[in-house]
Amino acid sequence: MTELPDLPNVEDGVVMRLAPYPSGALHIGHTRMALLNDEYVKKYDGKLLLVFDDTIGSKEKVPVAEAYDLIREGLDWLGVDCHEVIYKSDRMHIFYEWGEKLLKGGHAYVCECPAEVLRAHRERGEECEHRNTPVNDNVEKWFRMLDGYFGEGEVVVRLKTDMKHPNPAFRDRVLFRIRNRVHPRTGDRFKVWPLLEFSWAIDDHLLGVTHILRGKDLVIEDEMEKYLWDIFGLPHREFVHYGMLRLKEMKLSKSKMSREIERGVYSGVHDPRTWTLQSLMRRGIDPQAVRNFTLGFGVSLTDVEVAADNLYAENRKLIDGRANRYFFVPDPVEIHLAGKPDDLDVVHAPLHPDVEERGTRSLDVSRGVVFVAKEDFDAHAGKEVRLKDFCNVVLGEQAQFKSLEVKDISKIQWSDAEVPVRVVMPDGSVLEGFGESGLEGVSSGEVIQFERIGFARIEKGVGGITAYFAHR
RNA sequence: GCUCCCGUAGUGUAGUCCGGUCAAUCAUUCGGGCCUUUCGAGCCCGACACCCGGGUUCGAAUCCCGGCGGGAGCACCA
């Protein structure tokens, strides 16, 4: 793996922060944010802060109580070492204090324009009448905001940048707004909530963050933070950006994904179609594979849209050696074997073809009954095939034993038992079939390979064996 | 439309800052072969790329200008 490019100005140590928004579990697209931070902090022996960016945001983006734990679970699984956990929602008094300073310094104003008017002004580069409100009046309005005098959407605090700024996105940004919704941690205690650019300008300074790593969707926030630092006379920090990461097979947006979970279309946060870290764990993807996969993209600003095959290839390198092999036959067809040697009751097949020392598993053929997949049955009925690791037969519901020696003919997998197994595929579909008796010895959580089908992680529960398919 | 960013093979990526050692790296994918009691792994071979046009230079993937293409932002989201 190529090493990450050096960070600038690391002489006085490195402090970085992860700032997830607790609206749901982290998914594969968030690993760039998490792992790049973690790698850099490890590279420079620095400190990593986990800061939940849990201000109340837009209507579509709502902080939810369960998300905090889901995020931490995902980060732990990834092996991200957070040295401290901080909640933005605990720091509201700090933002209020600094907001007040800004208003008292005449750098911001309370604007009562409706959102649409504000936007129209921004587009045309026009100032509104609130921009020139005297400082004392602004401060007075600010306290009334904090006292709950205003309703949602009625007023905002805006930074005075320049309504003629060439970048329309930069024109008198909103810094605080009113939200009447209940917060999962602070309830209804706060009505005035800061926007990201303001809270971070203050916290990146107060928390001693030295390097800010963020997606390129947040580049404008760099300028806002610098602008605010200059007003307060604070030293600048370093910014590093990376492009967006998405998988080709991940077609749904994050919000659509949560909606589908709510509607019951997806089974939950573990559903493979969500691509959450939880779903990857469940499938037996090794967190190191995720790390190798993600870090391979470096820190470039180009957006990455990559096939999951690349992730699977990384995972295969790690798990192929340790995954034991078993047979699974989807859509099973019962086969009665005629002519089998009477003294052949048990067949031994290697647990791993490349690691003989690991031993074998035993398949019981004393009944002369085995199961093969319908697909194999249809493809080979009437022909001689080899039941892998067992014998050669002429395939049919009444099959004829031919010989034991290994011949150069098609090999198919088979099962000696009727162990019901459900294999949940990445697209959410389910294969049902029988697994071999050896599966009884597999422990829940173990990653195995169903020969000729692929790698999967086994879960055993009251409903029997469920295998979550990882990849081929 | 405005602001900013990016543009190396099917997909990603190294190299671009500090021009030659790049007839361009590695991974993945695909095709072929070997091996193999898996359509897995391993080994070998092969396929495909510097967005286009000018300029600077003895020499440009690398520097400059102009196009074109893509992305992000222009939210009282993060």
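Reminder, nothing fancy here: chain letters follow the sequence lines and each chain counts from 1.
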Shorter than 3.5 Å, N or O on both sides, protein versus nucleotides 17-19 of chain B: list them out with atom names.
none

Polar atoms only, N or O, under 3.5 Å: list the protein pairs with nucleotides 63-66 of chain B and their distances.
none

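Across all strands shown, A/Arg119 has heavy atoms under 4.0 Å from sugar-phosphate atoms exclusively, and none from any base. Within 4.0 Å (heavy atoms only), A/Asp217 reaches at least one base atom of the nucleic acid. Note on A/Asp354: a base of the nucleic acid sits closer than 4.0 angstrom, heavy atoms only. Nucleic acid contact class of A/Arg316 (heavy atoms, under 4.0 Å, all strands): sugar-phosphate only. Looking at heavy-atom distances under 4.0 Å, A/Cys391 makes no contact with the nucleic acid at all. Using a 4.0 Å heavy-atom distance criterion, A/Val406 is classed as a base contact.
The A/Arg386 side chain lies nearest to B/U37 when the options are B/G73, B/U37, B/C77. Nearest nucleotide to the A/Val306 side chain, out of B/C76, B/G12, B/G73: B/G12. Taking every side-chain heavy atom of A/Lys216 into account, B/G71 is the closest of B/U13, B/G71, B/A78.
Taking the six-membered ring where the residue is Trp, A/Tyr87 and A/Phe52 present parallel rings, their angle staying beneath 30° rather than reaching 60°.
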inquiry  = side-chain hydrogen bond (donor to acceptor under 3.5 Å, both in side chains) for A/Asp172 and A/His121? Distances and angles first, verdict last.
reply    = CA-CA 10 Å; A/Asp172 283 19; A/His121 281 177; over 6 Å; no

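Between A/Glu112 and the options A/Arg144, A/Arg177, A/Lys141, a salt bridge (charged side-chain N to carboxylate O under 4.0 Å, His left out) holds for only A/Lys141.
Partners of A/Glu238 according to the side chain to side chain contact (heavy atoms under 4.5 Å, CB included) rule, which considers only residues two or more places apart in sequence or in another chain, are A/Pro8, A/Asn9, A/His211.
Under 3.5 Å, the side chain of A/Glu314 and the base of B/U28 form no donor-acceptor pair of N or O atoms.
Considering only heavy atoms from C-beta on, A/Leu344 comes within 4.5 Å of A/Phe390 through its side chain.
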